[in-house]
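Comments concern the structure below.
In this text, all values refer to a predicted model and were calculated from it rather than measured experimentally.
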Amino acid sequence: MKKFIVTLATVALVFALPSCKKCTTCKITYTDGDPTYTYGEICGKKTVRDAQESSCQLSASASGGTCTCDKS
């Protein structure tokens, strides 16, 4: 019975702890020598993080730069 209670407590603890937050930070590097532009860190749902990455890539292609995104 003691093993069951320990196992149950362990399972409850795993579900009670918050999950890891996934974040993305994107940066545009311009080829014409302008300073880089860094978007603010976005955390949350994948759709929100993907929207920032798409926006960065679109802006970079329109201005002749490159977009890099770091995921954490």
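With 2.5 angstrom as the limit on SG-SG distance, C26 and C67 do not come in below it.
Here the straight-line distance linking atom OH of Y37 with atom OG1 of T29 works out to 13.5 Å at 0.5 Å rounding. To the nearest 0.5 angstrom, E53 atom CD is 9.5 Å from T68 atom OG1.
A heavy-atom distance below 4.5 Å is not found between the side chains of Q57 and Q52. Using a 4.5 Å heavy-atom cutoff, the side chains of S59 and I28 are in contact.
Minimum heavy-atom separation, S63 to Y30: OG-CE2, 3.2 Å. The minimum heavy-atom distance linking C69 with T24 is given by the pair CB-CG2, 4.0 Å.
No salt bridge links E41 with R49; every basic N to acidic carboxylate O contact stays at or beyond 4.0 Å.
Each of D70, T38, T66 was evaluated against K27; a single residue qualifies, T38, per the side chain to side chain contact (heavy atoms under 4.5 Å, CB included) test.
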Next item on the list: For C23 and C43, run disulfide (SG to SG under 2.5 Å): C-alpha distance rounded to whole Å, both residues' side-chain angles, the deciding distance at 0.1 Å, then the answer.
Entry: CA-CA 4 Å; C23 300; C43 300; 2.0 Å; yes
